[in-house]
Amino acid sequence: MPQYQAVKGARDIFPEETARWKYVEGVVHALAALYGFSEIRTPVFEYTELFQRGIGATTDIVGKEMFTFLPDPGGKSLTLRPEMTAGVMRAALQKNLLGTAPVHKLYYISELFRKERPQAGRQRQFSQFGAELLGVSTPAAVAEVITFMMQVFETLGLRGLRLRINSLGGTHDRQRYREALQAYFSPYRDRLDAPSLERLEKNPLRILDSKNPDMQELVAGAPKLYDYLDADALADFEKVLFFLSERGIAFEIDHRLVRGLDYYCYTAFEVTGSELGAQDAVGGGGRYDGLARELGSSADVPAAGFAAGMERLLMTMEKQGLFTALTPHSPLVYVVLQQQEFSDHAMQVAFRLRKSGISTEIDLAGRSMKSQMREANRVRSSYALIIGENEVVTGQYTLKNLVTSEQTALSLETLLEILHEPALKE
RNA sequence: GUGAUUGUAGCUCAGUUGGUUAGAGCGCCAGGUUGUGGCCCUGGAGGUCGGGGGUUCGAGUCCCCUCAUUCACCCCA
């Protein structure tokens with residue numbers, strides 16, 4: 001075992017895998033542009049207080065999953081960001097973005113940190129791509145955010161994803177419902193498991209998505225959030241669903257869907273995949289009108305957004321065989337020299353090729369010609385450019401097609417012309 | 001944070017009831033004559049058997065601790 005290992009829950013991504021990341025990131029960037037979202041990058045750490053206020057002090061994220069540290073004695077506590085929304089909202093408020101235009105559409109691909117026990121689809125450092133639409137949270141806005149997310153999944157070729165959606169109502173609706181739930185569950189205290197008992201006080205909504213089978217019966221009889229929504233909330237929800245239907249986006253209404261973060265209100269949604277194991281959420285989001293005020297804004301900032309887990313996305317794509325078409329980049333030409341005495345000459349030829357835009361590889365270790373040829377083959381170079389005594393004397397280099405094994409003698413000028421033919425680069 | 005699981009070469013794995021210099025396939029490296037890859041052949045490098053302690057004449061094999069992995073719970077992307 002090596003003396004040093006990557007930190008628990010953090011991993012290295014090597015070139016083969018990097019290609020996949022770049023592919024997925026490329027799709028995200030392209031579709032963001034299509035939908036009019038602009039990229040924002042915020043610091044990886046923030047003052048701890050931001051997350052305590054923004055995400056909610058009673059949530060697990062804030063309660064036990066943050067990497068928090070003191071940069072210097074007496075300084076303010078800092079935390080590695082466990083999610084993006086609070087930081088993006090902070091940035092928007094700090095710059096008074098909404099003062100420059102009423103609506104801002106932002107997206108990101110960023111690393112996040114959560115101190116959880118690693119398992120399938122969950123690590124301590126992970127990436128999400130997501131979008132935040134600030135300034136409006138109309139059904140059209142919420143639908144836009146969901147549509148953007150779903151189109152990314154669709155473009156990547158993902159199959160079998162489930163989009164579940166629910167309305168949490170406004171704060172007043174939720175308050176009434178909360179009380180109703182407490183009233184319902186309180187008589188059954190002895191039948192609730194430990195976690196549910198704790199939620200009864202803190203956040204009774206969360207009892208609803210308990211995975212404990214013993215709770216199912218009890219949960220099934222609980223009052224439905226849907227019955228506590230007022231007319232406006234219902235109309236709002238219906239409109240969101242209408243937009244999704246119009247766009248052919250399949251969804252399931254799930255009245256028990258409750259998102260974990262405190263700032264969500266009205267529409268909340270989640271996308272799950274069947275190939276991920278226990279951590280099956282690929283993406284999720286919702287509307288969070290109250291967050292800005294929570295962070296000290298004097299005015300409400302209507303907003304909606306989503307976040308999707310890059311690792312889980314990649315994992316699902318891998319399982320569904322969506323990366324087969326991705327081939328590693330290989331050089332067009334591998335410069336092979338017969339004897340070391342021609343090394344300087346060969347180096348200069350390689351340089352000329354590269355300078356003119358032809359991807360070229362050449363041995364740097366002084367290995368034998370046989371080794372160089374093997375290497376050329378191994379890296380799947382299309383051509384070997386052989387340089388030996390004859391070539392140096394005559395100025396005619398030997399170009400060998402490594403697929404057909406044909407060889408031709410060419411001057412450097414002709415070589416550059418031929419290698420620039422688009423057909424050869426395929 | 002809780003529970004379970006696994007830990008032998010770069011990778012996938014063998015290693016008999018504890019018994020001499022720990023193996024295979026793939027990969028890697030080098031050769032297979034005088035300037036040429038893929039296939040094939042030959043050879044080679046590479047492991048403190050996760051780490052530490054213990055039992056034993058003797059431990060990769062047994063016991064304890066520890067670290068890491070994986071999976072699940074909690075929660076979330």
Side-chain angles (χ1 to χ4, degrees), chain A residues 1-11 14 16 55 58-65 82-85 109-130 149 153 193-196 198-199 203 206 209-213 258-261 269-273 276-285 305-316 334 336-342 365 367-392 397-407:
Chain A
M1 267 301 117
Q3 189 172 3
Y4 292 108
Q5 290 175 271
V7 169
K8 184 207 286 283
R11 54 188 296 264
F14 287 96
E16 194 186 349
I55 303 173
T58 63
T59 60
D60 274 26
I61 291 180
V62 171
K64 57 181 193 188
E65 295 173 3
E83 59 107 50
M84 281 298 284
T85 304
I109 302 177
S110 303
E111 284 71 49
L112 272 22
F113 306 85
R114 256 123 96 158
K115 199 165 60 191
E116 300 181 275
R117 192 79 167 265
Q119 77 183 74
R122 180 159 71 195
Q123 33 276 132
R124 289 181 160 191
Q125 177 180 333
F126 61 105
S127 300
Q128 292 184 343
F129 82 89
M149 176 182 73
F153 296 153
D193 58 11
S196 296
E198 200 180 321
R199 292 175 190 145
N203 194 348
R206 297 261 275 286
D209 54 12
S210 169
K211 282 185 187 171
N212 186 344
V258 179
R259 307 235 73 232
L261 281 42
F269 54 90
E270 188 168 296
V271 175
T272 53
L276 285 168
Q279 310 306 319
D280 63 353
V282 180
F306 75 87
M310 293 289 284
E311 286 81 0
R312 293 183 185 179
L313 208 54
L314 280 274
M315 203 182 303
T316 306
Y334 198 104
V336 172
L337 56 142
Q338 180 213 343
Q339 290 168 37
Q340 282 308 309
E341 57 182 299
F342 307 122
R367 301 204 287 167
S368 70
M369 183 168 181
K370 184 189 186 82
S371 294
Q372 295 175 58
M373 287 301 291
R374 277 183 175 160
E375 181 71 4
N377 189 65
R378 202 174 64 79
V379 300
R380 292 195 230 248
S381 179
S382 307
Y383 296 92
L385 183 66
I386 299 165
I387 299 181
E389 196 169 356
N390 293 341
E391 287 78 4
V392 173
Y397 300 98
T398 304
L399 185 68
K400 175 167 187 173
N401 182 318
L402 290 177
V403 177
T404 64
S405 292
E406 289 167 341
Q407 297 191 185

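First the proteins, then the strands, lettered A, B, ... as listed; each starts at 1.
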Practice item. Please state whether the base of B:rU36 and the side chain of A:Gln372 form at least one donor-acceptor pair under 3.5 Å? Key: no
Practice item. Would you mind reading off the distance between A:Gln338 atom CD and B:rU36 atom P, rounded to a whole angstrom? Key: 8 Å
Review point. Do A:Arg380 and A:Leu402 come close enough that some side-chain heavy atom pair is under 4.5 Å?
Key: no
Review point. Is there a donor-acceptor pair under 3.5 Å between the side chain of A:Arg312 and the backbone N or O of A:Gly121?
Key: yes
Revision key, fill the gap. Pairing string of RNA chain B (Watson-Crick or G-U wobble, both atom distances under 3.5 Å; | = paired to other strand) is ((((.((..((((.....[...)))).(((((.......))))).....(((((..]....))))))).))))....
Check your understanding: Is any side-chain N or O of A:Gln119 closer than 4.0 Å to OP1 or OP2 of B:rA72?
Key -> yes
Review point. Starting at the 5' end of RNA chain B, which residue's closest nucleotide do you reach first, A:Gln128 or A:Asn401?
Key: A:Asn401
Point to revise | Nucleotide B:rA72, atom P - distance to CZ of A:Arg117 in whole Å | key: 13 Å
Review point. With a cut-off of 6.0 Å (strictly less than), are more than 12 heavy atoms of other residues, nucleotides or ligands near CD of A:Glu389?
Key: no
Check your understanding: Whole-Å distance between B:rU2 P and A:Glu116 CD?
Key -> 15 Å
Practice item. Starting from P on B:rG1, measure out to NZ on A:Lys8 and report it in whole angstrom. Key: 8 Å
Point to revise | Sequence-distant partners of A:Tyr397, ring pair (Phe, Tyr, Trp, His ring centres under 6.0 Å), two or more places apart | key: A:His345
Review point. Roughly how many Å is it from CD in A:Glu389 to C1' in B:rU36, rounded to a whole number?
Key: 16 Å
Check your understanding: Between atom CG in A:Leu276 and atom C1' in B:rU70, what is the gap in whole Å?
Key -> 16 Å
Check your understanding: The side chain of A:Gln279 lies closest to which of these nucleotides: B:rG37, B:rC74, B:rU2?
Key -> B:rC74
Review point. Do the non-hydrogen side-chain atoms of A:Leu313 and A:Phe129 ever get within less than 4.5 Å of each other?
Key: yes
Exercise for review: Report the distance from atom CE of A:Met373 to atom C1' of B:rG38, rounded to the nearest whole Å.
Suggested key: 9 Å
**Study point:** Whole angstrom value for the distance that separates C1' of B:rA77 from CE of A:Met84
**Key:** 13 Å
Practice item. Quote, to the nearest angstrom, the C1' distance that separates B:rA72 from B:rG27. Key: 35 Å
Could you go over nucleotides 29-31 of chain B and give all protein N or O partners under 3.5 Å, atom names and distances?
unit_1, atom_1, unit_2, atom_2, d
B:rC29, OP1, A:Arg367, NH1, 3.4
B:rA30, OP1, A:Arg367, NH1, 3.4
B:rA30, OP1, A:Ser371, OG, 3.0
B:rA30, OP2, A:Ser371, OG, 3.2
B:rG31, O6, A:Arg374, NH2, 3.1

Review point. Roughly how far apart, to the nearest Å, are B:rA9 and B:rG50 at atom P?
Key: 8 Å
Check your understanding: Looking only at N and O atoms, is any donor in the side chain of A:Asn377 or the base of B:rG37 less than 3.5 Å from an acceptor on the other one?
Key -> yes
